[in-house]
Amino acid sequence: MSQRIGTKLFVYRLSFYTTLDQLKKLFSPFGVVTNANLVMDPVTKRHKGFGFVSYKTEIEAEKAMKAMNGRIVNGRLLLVEPANEK
DNA sequence: GCTGAGCGG
């Protein structure tokens, strides 16, 4: 019932060369990142190309989303959306 | 070294 964005962001279409450390560094300047993670694949030993970034407040999350969504990172177009906790 | 939808654990 929440029309709010929430503090969690779904980050996807990352290049296979982008790492969690890079992700945190890219999202840190926009606010206080409380948690960041890339979904790993046990078979390929690489991340699946998407992950999650959590901020202290949803204001920061929205700001970072608008700032990073559609940006080119490591030669790939990065997409950022509010996460949908299943 | 390479590919490319999607909401993890």
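As the structure is a prediction and not an experimental result, all values here were calculated from the model. In what follows, chains carry the letters A, B, and so on, assigned in the order in which the sequence lines appear, proteins first and then strands, with residues in each chain numbered from 1. We use all heavy atoms of the structure for the numbers below, so side chains are in, but hydrogens, waters and symmetry mates are not.
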> Kindly point out which of B/dG6, B/dG8, B/dC7 is positioned nearest to the side chain of A/N37?
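Nearest nucleotide to the side chain: B/dG8.
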> By side chain to side chain contact (heavy atoms under 4.5 Å, CB included), which residues pair with A/E62, not counting sequence neighbours?
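Here the qualifying residues are A/I5, A/M65, A/K66.
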> Heavy-atom contacts under 4.0 Å between residues 19-35 of chain A and DNA chain B, which residues?
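Listed by number, there are none.
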> Which residue pairs pass the ring-ring contact (aromatic ring centres under 6.0 Å, His included) test with at least one member in residues 34-58 of chain A, sequence neighbours excluded?
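As it turns out, the ring-ring contact (aromatic ring centres under 6.0 Å, His included) pairs with a partner in residues 34-58 of chain A, which skip direct neighbours, are A/F10-A/F50, A/F10-A/F52.
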> Just the rounded figure in Å: distance from P of B/dC7 to CZ of A/R13.
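Distance, rounded to whole Å: 12 Å.
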> Quick one: label A/P42 by what it contacts on the DNA or RNA (base, sugar-phosphate, nothing), any heavy atom closer than 4.0 Å.
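Here A/P42 touches no strand at all.
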> Not counting sequence neighbours, which residues clear side-chain hydrogen bond (donor to acceptor under 3.5 Å, both in side chains) with A/K8? List them please.
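Partners of A/K8 under the side-chain hydrogen bond (donor to acceptor under 3.5 Å, both in side chains) test: A/E85.
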> For the residue pair A/L9 and A/M68, establish whether any side-chain heavy-atom pair is separated by less than 4.5 Å.
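No, too far: nothing below the 4.5 Å cut-off.
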> Provide, to the nearest angstrom, the distance between the CG atom belonging to A/L38 and the P atom belonging to B/dG4.
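Roughly 20 Å, once rounded to whole Å.
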> State which of B/dG9, B/dG6, B/dT3 makes the closest approach to the side chain of A/V39.
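Closest nucleotide to the A/V39 side chain: B/dG9.
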> Taking only residues at least two apart or on different chains, which pairs with a member in residues 29-47 of chain A satisfy salt bridge (Lys or Arg N to Asp or Glu O under 4.0 Å)?
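Not a single pair qualifies under salt bridge (Lys or Arg N to Asp or Glu O under 4.0 Å).
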> If I take atom CG in residue A/N84 and atom C1' in nucleotide B/dG8, what distance separates them, rounded to the nearest angstrom?
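These atoms are roughly 12 Å apart.
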> Is there a residue in residues 44-67 of chain A whose heavy atoms reach under 4.0 Å of DNA chain B, and which residues are they?
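Heavy-atom cutoff 4.0 Å gives A/K48, A/G49, A/F50, A/F52.
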> Among all residues two or more places apart in sequence or in another chain, which pass the side chain to side chain contact (heavy atoms under 4.5 Å, CB included) test with A/Q22?
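For A/Q22 the side chain to side chain contact (heavy atoms under 4.5 Å, CB included) partners, ignoring immediate neighbours, are A/T18, A/T19.
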> Within this structure, what is the CZ-to-P distance between A/F10 and B/dA5, rounded to whole angstrom?
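These atoms are roughly 13 Å apart.
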> Pairs under 3.5 angstrom only: tabulate donor-acceptor contacts from the side chains of residues 24-36 of chain A to other protein residues two or more places apart or in another chain.
from  : atom 1 : to    : atom 2 : distance (Å)
A/K25 : NZ     : A/D21 : OD1    : 3.1
A/K25 : NZ     : A/D21 : OD2    : 3.1
A/S28 : OG     : A/K24 : O      : 2.5
A/T34 : OG1    : A/S54 : O      : 3.2

> How do A/P82 and A/R76 order along DNA chain B: which one's closest nucleotide is nearer the 5' end?
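Nearest-nucleotide comparison on DNA chain B picks A/R76.
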> Can you tell which of B/dG6, B/dG4, B/dC7 lies closest to the side chain of A/E81?
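Of the options given, the side chain of A/E81 lies nearest B/dC7.
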> Among B/dG8, B/dC7, B/dG6, which is the nearest nucleotide to the side chain of A/K8?
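That would be B/dG8.
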> Under 4.0 Å, counting only non-hydrogen atoms across every strand here, what does A/L77 touch: a base, just sugar-phosphate, or nothing?
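Here A/L77 touches no strand at all.
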> Take atom OH of A/Y12 and atom P of B/dT3, then tell me their distance rounded to the nearest Å.
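Rounded to whole Å, this separation is 21 Å.
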> Relative to the 5' end of DNA chain B, which residue comes earlier, A/F16 or A/M40, by the nucleotide with the nearest heavy atom?
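This one resolves to A/F16.
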> What is the separation between atom CG on A/L79 and atom P on B/dG6, rounded to the nearest whole Å?
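Interatomic distance, CG of A/L79 to P of B/dG6: 12 Å.
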> Among all residues two or more places apart in sequence or in another chain, which pass the side chain to side chain contact (heavy atoms under 4.5 Å, CB included) test with A/L77?
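A/I72, A/L79.
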> Looking at A/T57 and A/T7, what are the two nearest heavy atoms and their distance?
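For A/T57 and A/T7, the tightest heavy-atom pair comes out as C-CG2, 3.7 Å.
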